[in-house]
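Keep in mind the model is a prediction, meaning the values are calculated, not measured. The analysis underlying the following values was restricted to heavy atoms, covering all of them including side chains, and did not include hydrogens, waters or symmetry mates. Remember, it's 1-based here, ligands and their atoms both numbered in the order they're listed.
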Amino acid sequence: MHATLPLLISTDFPPLRRARLETLQINVGYRCNQSCLHCHVNAGPSRKEEMSRATAETVIDFLDASGVSTLDITGGAPELNAQFRYLVKAAHDRGVRVIDRCNLTVLEQPGQEDTAEFLAAHHVEITASLPCYLQDNVDAQRGSGVYDASIRALQRLNRLGYGQDGTGLILNLMYNPIGPYLPPPQCALEGDYKKYLGERHGIVFTKLHTLTNMPIQRFGSTLISKGEFHDYMDLLRGAHSDANLAGVMCRTLLSVDWQGYVYDCDFNQMLDLPLCHAAKPRTRLSELIGVDLDGRSIRVADHCYGCTAGQGSSCGGALD
Ligand code: SF4
Ligand code: SF4
C-alpha cells in the first residue's frame, strides 16, 4: 500500500484549537468481517489488533473523571471486540450516550446473534454504513452480498424499534461517495434514501450523514495507484470553506487507539499523527485523566481539507 502522509504533511491548512471536550471516540481494533475499498482504517478479517480489558477500563476511568457526554465506539467492526459489551454497559450505567459505528453485516456473523437486541436494551445509538441505497453500488464498494445483508439487518433493527418515532432508538445511516468526488447535499440525499429504502424495503431510519472520503489509507493509496491523488487534493482544497472550521470534530473530540494512545481525530490516528502533549512523542489516555485540553493546538495536515470541503464532513455528517 502507498504511504499518503508524505504527500499530506506539508500543509497550508489553517491552524485549529480545541474547544471543550464532548466526545471520546475509541477505536477498539481493526478486525472486521468486511474489507471495503474506501476503508480509512484498512480493517479486515485478518487484522489482529484489539483493545485490551486494561485499556477499556482506562476508557471508563476517563469517562468518570472527564464528564464527557458521548462515547463513540468504532473499529473495524467494534462488536467483534471482546470488550465491546463491557464498554457499552459501563458507559450506559453512567448515563453516557453511546454510539456504535456498525457495518450492519456483522449482525449476521456467528456469535453475534443477540447483538441487535443487546444494542437496543442499552439504548445504543447506531450509525450504520450504507454508502448507497442501490445494490450495485454497495456491493461494488463493500463486497458481493453486502447490500442484501445490510437490508436484512436494517429491517431487523426496525423491528426492534430502531429508527421508529417515539422509541428513542436512533438509527443513522452513513453515506460516502463511491469514487473521488464530494458527497451531494446531505438533506436532498437523505430524502432519496428515505424514499427508496421505505418504498422498496419498508425501512425507516433517523438521519443520513454524508462523509467525505479521506485521501489516506486504502482509499488514498488507490488514488495514488490510479494517478488521481493530486486531482482529488485539488478538489478538496478548491472546495474548502472557512465557515466549516468551527465545526470540525477534532475541536470537541478525543480519539483513542486500540492500545490507548490519543489523537486529535480518527484520521490522525490512521496517519499516526499523535496528539501533542507535554512534548512527548505519544501520550496514553491514562495520562490525560484530569487534564484540560481546551485551547490546545490540533495537528493538521492536508487531509484536513476533507473535513472542510463543500458542506463539510465529520463523524456526525455534513457541517453546514
Ligand atoms: S465495514 Fe467499515 S471498518 Fe469494516 S472494512 Fe468496511 S469501512 Fe472498514
Ligand atoms: S482531519 Fe482530523 S484534525 Fe484535520 S480537520 Fe478533520 S477532524 Fe480535524
Side-chain angles (χ1 to χ4, degrees), residues 4-5 8-9 11 13-19 23 25 27-47 49 72-81 100-109 127-131 138-143 146-147 149-150 153 174-176 178 211-220 233 236-237 240-242 244-255 258 262-276 296-309 312-316 319:
T4 52
L5 185 58
L8 299 166
I9 195 75
T11 188
F13 192 82
L16 286 174
R17 289 200 175 270
R18 290 187 155 274
T23 299
Q25 186 176 65
N27 190 318
V28 295
Y30 307 146
R31 189 152 60 98
C32 186
N33 55 306
Q34 295 181 190
S35 307
C36 307
L37 177 64
H38 70 280
C39 183
H40 74 269
V41 301
N42 233 11
S46 60
R47 298 296 298 260
E49 300 88 344
D72 186 342
I73 311 179
T74 182
E79 304 85 353
L80 298 179
N81 181 278
D100 173 29
R101 306 236 158 222
C102 178
N103 70 16
L104 295 173
T105 60
V106 75
L107 299 178
E108 293 194 340
Q109 289 293 298
T127 297
S129 329
L130 192 69
V138 173
D139 286 351
Q141 187 184 96
R142 298 174 82 80
V146 167
Y147 183 81
S150 301
M174 184 70 91
Y175 161 92
N176 63 282
I178 305 281
L211 187 72
T212 301
N213 286 321
M214 278 285 160
I216 64 173
Q217 292 286 19
R218 204 176 280 151
F219 184 76
M233 278 312 310
L236 297 182
R237 197 179 282 103
H240 166 79
S241 166
D242 275 343
N244 288 326
L245 289 169
V248 289
M249 61 185 176
C250 51
R251 299 199 63 232
T252 56
L253 172 148
L254 185 64
S255 167
W258 64 279
V262 289
Y263 307 80
D264 288 306
C265 73
D266 200 38
F267 305 124
N268 283 10
Q269 183 184 142
M270 295 312 136
L271 284 168
D272 198 20
L273 287 174
L275 178 133
C276 293
R296 298 280 186 97
S297 92
I298 292 166
R299 289 189 82 170
V300 296
D302 261 8
H303 65 299
C304 296
Y305 285 109
C307 293
T308 58
S313 178
S314 76
C315 53
L319 300 177

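The proximity of Cys32 to ligand 1, defined as any non-hydrogen pair under 4.0 Å, is limited to the side chain. Heavy atoms of Arg101 found under 4.0 angstrom from ligand 1: none, in either backbone or side chain. When heavy-atom distances to ligand 2 are checked against a 4.0 Å cut-off, Arg299 comes that close only through its backbone atoms N, CA, C and O.
Here the protein heavy atom with the shortest distance to atom 1 (S) of ligand 1 is Arg142 NH2, 3.3 Å. The protein heavy atom nearest to atom 6 (Fe) of ligand 2 is Cys307 SG, 2.3 Å. For atom 4 (Fe) of ligand 2, the closest non-hydrogen atom of the protein is Cys304 SG, 2.3 Å. When hydrogens are left out, the protein atom nearest atom 8 (Fe) of ligand 2 is Cys250 SG, 2.3 Å; that is the closest non-hydrogen contact.
When the options Leu236, Leu273, Ile9 are evaluated for a side chain to side chain contact (heavy atoms under 4.5 Å, CB included) with His303, the one that passes is Leu273. No option in Leu130, Asn213, Thr212 other than Asn213 meets the side chain to side chain contact (heavy atoms under 4.5 Å, CB included) test with Asn176.
When atom types are taken as modelled, the side chain of Asp72 and the backbone of Gln25 share no donor-acceptor pair closer than 3.5 angstrom. Checking side-chain atoms of Arg299 against main-chain N and O of Pro274 turns up a donor-acceptor pair under 3.5 Å. Between the side chain of Glu49 and the backbone N or O of Trp258, no donor-acceptor pair lies under 3.5 Å. A donor-acceptor pair under 3.5 Å links the side-chain atoms of Arg218 to the main chain of Cys36, judged by distance alone.
Near Gly76, with a cut-off below 4.0 Å to any heavy atom, the atoms of ligand 1 are 3 (S). Which parts of ligand 2 touch Phe267 is read off a 4.0 Å heavy-atom cut-off, strictly below it: atoms 1 (S). Listed by number with element, the atoms of ligand 1 under 4.0 angstrom from any heavy atom of Gln34 are 1 (S), 5 (S), 6 (Fe). With ligand atoms numbered from 1 in the order given, ligand 1 contributes 1 (S) to contacts under 4.0 Å with heavy atoms of Asn103. Near His303, meaning under 4.0 Å from one of its heavy atoms, ligand 2 places the atoms 1 (S).
Across all their heavy atoms, Asn42 and Arg47 have their closest contact at O-NH1, 2.8 Å.
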Discussion item. Thr105 vs Gln34, test: side-chain hydrogen bond (donor to acceptor under 3.5 Å, both in side chains). Steps then yes/no.
Written reply: CA-CA 8 Å; Thr105 60; Gln34 295 181 190; 2.5 Å; yes
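With salt bridges taken as basic N to acidic carboxylate O contacts below 4.0 Å, none links Arg251 and Asp264.
Backbone or side-chain N, O or S atoms of Cys265 do not reach atom 8 (Fe) of ligand 2 at under 2.8 Å.
When Pro45, Cys36, Gly143 are ranked by how near their heavy atoms come to atom 5 (S) of ligand 1, first place goes to Cys36.
In this structure, Val300 falls outside the shell of residues with a heavy atom less than 4.0 angstrom from ligand 2.
Residue Ser150 holds its OG atom at 6.5 Å from CZ of Arg142, rounded to the nearest 0.5 Å.
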